[in-house]
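Below is one structure; the comments refer to it alone.
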Amino acid sequence: MSEPVKGPASYFPSIERTYGRPITEWKDLIRSAPATRHMELVAWLRTEHGLGHGHANALVAHTLAEDAGR
């Protein structure tokens with residue numbers, strides 16, 4: 001049996017259902033965004049793409065953590 005998904009990634013199925021884009025597309029958008037700081041990226045996703053705060057925050061947190069590990 002697999003472990004349940006925890007942390008920001010636990011929002012991913014809901015994000016894909018709600019906004020109709022795959023997570024990889026959101027990550028690409030975040031990486032090409034005009035902003036680079038966490039809360040700036042969250043605000044950008046909210047205003048430019050209509051995401052709710054929790055979904056935007058989860059995407060940004062996961063993407064920035066993933067990039068820091070590279």
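The structure displayed is predicted, hence computed values, not measured ones.
- Rounded to the nearest 0.5 Å, atoms NE2 (H55) and CD (E16) are 11.0 Å apart.
- The minimum heavy-atom distance between H53 and V42, with the atom names listed, is ND1-CG1, 3.6 Å.
- Between F12 and V5, every side-chain heavy-atom pair lies at or beyond the 4.5 Å cut-off.
- With a 4.5 Å cut-off on side-chain heavy atoms, Y11 and H62 do not count as touching.
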*Let me see the working for R21 and I15 under side chain to side chain contact (heavy atoms under 4.5 Å, CB included), right down to the final yes or no.*
CA-CA 8 Å; R21 287 182 166 179; I15 292 169; over 6 Å; no
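- Nearest approach of K27 to E66, heavy atoms of both residues: NZ-OE2, 3.0 Å.
- One distance of note links CG of D67 with CZ of R31; it measures 4.0 Å at 0.5 Å rounding.
- The two atoms that bring P8 and A58 nearest to each other are CB-O, 3.3 Å, heavy atoms only.
- Partner of T63 under the side chain to side chain contact (heavy atoms under 4.5 Å, CB included) criterion, out of L41, L29, I23, I30: I30 alone.
- The minimum heavy-atom distance linking P13 with A9 is given by the pair CD-O, 3.9 Å.
- Rounded to the nearest 0.5 angstrom, N57 CG and M39 CE are separated by 6.0 Å.
- When all heavy atoms are compared, the tightest approach of G52 to Y19 is N-OH, 3.0 Å.
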